[in-house]
Undergrad: 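I'd like to ask you about the structure that follows.
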Amino acid sequence: MTQQHTLAQQYLDAWNEADAQQRDAQLRRLLTPDATYTDPQMTGHGPDGIGQMIGAARTQLPGLSFRLRGAVEAHHDTMRFSWTLGPDADTDVAGGTDVVVLDGGRMRQIIGFIDFAPAAS
């Protein structure tokens, strides 16, 4: 398993972590102090801000978890990986791709793209 694959999996594990203190500790290990997160629906700044953003998102996603989809690609200080979201490994309700800029082996910038999701009602 590559370092980038491990980093992507640990990042998704943080999204899946229900305990806010555990999640925040994970994010402080994974992210640089000035890290940013941006996707079409939300943004976060720094490990604390990104942790709060994830906590708010988790209230909208009860019973769902993120899973790594496919291989993690990386070159220089950039990596990208795809993920799915669903209640189990056989049911995906959404999916996306994240592009990450690394700094010293930690995530400094995360840009998320939604590949598929339910239509808004």
Undergrad: Under 4.5 Å between any side-chain heavy atoms of Ile110 and Thr36, yes or no?
TA: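 A side-chain contact under 4.5 Å is absent here.
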Undergrad: My understanding is that only residues two or more places apart in sequence, or in another chain, count here; which of them pass ring-ring contact (aromatic ring centres under 6.0 Å, His included) with Tyr37?
TA: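 By the ring-ring contact (aromatic ring centres under 6.0 Å, His included) rule, Tyr37 matches Trp15.
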Undergrad: Which atom names give the shortest non-hydrogen contact between Leu27 and Ala14, and what distance separates them?
TA: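 Closest heavy-atom pair between Leu27 and Ala14: CD2-CB, 3.9 Å.
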Undergrad: Under the ring-ring contact (aromatic ring centres under 6.0 Å, His included) rule, what pairs show up with a residue in residues 73-97, not counting sequence neighbours?
TA: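 Only Phe66-Trp83 qualify under ring-ring contact (aromatic ring centres under 6.0 Å, His included).
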Undergrad: Going through the checks in order, is the side-chain contact (heavy atoms from CB on, under 4.5 Å) test met by Leu7 and Leu102?
TA: CA-CA 10 Å; Leu7 187 60; Leu102 302 171; 3.5 Å; yes
Undergrad: Report whether Phe116 and Val99 are members of the same hydrophobic cluster (ILVMFWY, side-chain heavy atoms less than 4.5 Å apart, transitive linking).
TA: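 As far as the 4.5 Å side-chain criterion goes, Val99 and Phe116 are not connected within one cluster.
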Undergrad: Do Gln26 and Glu17 come close enough that some side-chain heavy atom pair is under 4.5 Å?
TA: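 The answer is yes, as the side chains (C-beta and beyond) meet within the 4.5 Å cut-off.
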Undergrad: Could you state whether Val101 and Met53 fall into the same hydrophobic cluster, counting links through intermediate Ile, Leu, Val, Met, Phe, Trp or Tyr residues with side-chain heavy atoms under 4.5 angstrom apart?
TA: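 Unlinked, Val101 and Met53 end up in two clusters.
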Undergrad: Do Phe113 and Val72 share a hydrophobic cluster, counting only Ile, Leu, Val, Met, Phe, Trp and Tyr and linking them when any side-chain heavy atoms are less than 4.5 Å apart?
TA: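 Phe113 does not cluster with Val72.
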Undergrad: Can you name the residues that form a side chain to side chain contact (heavy atoms under 4.5 Å, CB included) with Arg28, not counting sequence neighbours?
TA: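 Expected list: Asp24, Ala25, Pro47, Asp48.
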Undergrad: Which pair of heavy atoms, one from Ala74 and one from Gln4, lies closest together, and at what distance?
TA: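 In terms of heavy atoms, the two residues are closest at CB-CG, 3.6 Å.
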Undergrad: What heavy-atom pair brings Gly112 and Pro40 nearest, and what distance separates the two atoms?
TA: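 Heavy atoms only, the tightest pair is O-CD, 3.4 Å.
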Undergrad: Same cluster or not: Ile111 versus Leu85, using hydrophobic residues (I, L, V, M, F, W, Y) connected whenever any side-chain heavy atoms lie under 4.5 Å apart?
TA: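 Different clusters.
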Undergrad: Starting from the C-alpha separation in whole Å, work towards a yes-or-no answer on side-chain contact (heavy atoms from CB on, under 4.5 Å) for Val93 and Leu64.
TA: CA-CA 9 Å; Val93 298; Leu64 303 180; 3.9 Å; yes
Undergrad: Tell me, with the steps shown, if Arg23 and Ile54 meet side-chain contact (heavy atoms from CB on, under 4.5 Å).
TA: CA-CA 9 Å; Arg23 181 175 54 247; Ile54 291 172; 3.4 Å; yes
Undergrad: Assess whether side-chain contact (heavy atoms from CB on, under 4.5 Å) is satisfied between Val100 and Arg80, documenting all intermediate values.
TA: CA-CA 6 Å; Val100 178; Arg80 85 173 165 182; over 6 Å; no
Undergrad: Which distance, rounded to the nearest 0.5 Å, do you find between the NE2 of His45 and the CD of Gln52?
TA: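 Taking NE2 in His45 and CD in Gln52, the distance rounds to 11.5 Å.
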Undergrad: When rounded to the nearest 0.5 angstrom, what distance separates CD in Glu73 from NE2 in His5?
TA: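 It is 13.5 Å, given to the nearest 0.5 Å.
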Undergrad: So which pairs with a foot in residues 49-67 pass salt bridge (charged side-chain N to carboxylate O under 4.0 Å, His left out), sequence neighbours left out?
TA: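 Listed by first then second residue: Arg67-Asp92.
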Undergrad: Please name the pair of heavy atoms, one in Ser65 and one in Asn16, separated by the smallest distance, quoted to 0.1 Å.
TA: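 So the two residues come closest at CA-OD1, 3.3 Å.
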Undergrad: Going by side chain to side chain donor-acceptor pair (under 3.5 Å), name the pairs with one or both residues in residues 100-119, residues two or more places apart or in two chains.
TA: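 Those involving residues 100-119 are Arg69-Asp115, Thr97-Asp115.
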Undergrad: Sequence neighbours excluded, which residues qualify as side-chain hydrogen bond (donor to acceptor under 3.5 Å, both in side chains) partners of Thr91?
TA: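 Applying side-chain hydrogen bond (donor to acceptor under 3.5 Å, both in side chains) to Thr91 gives Asp88.
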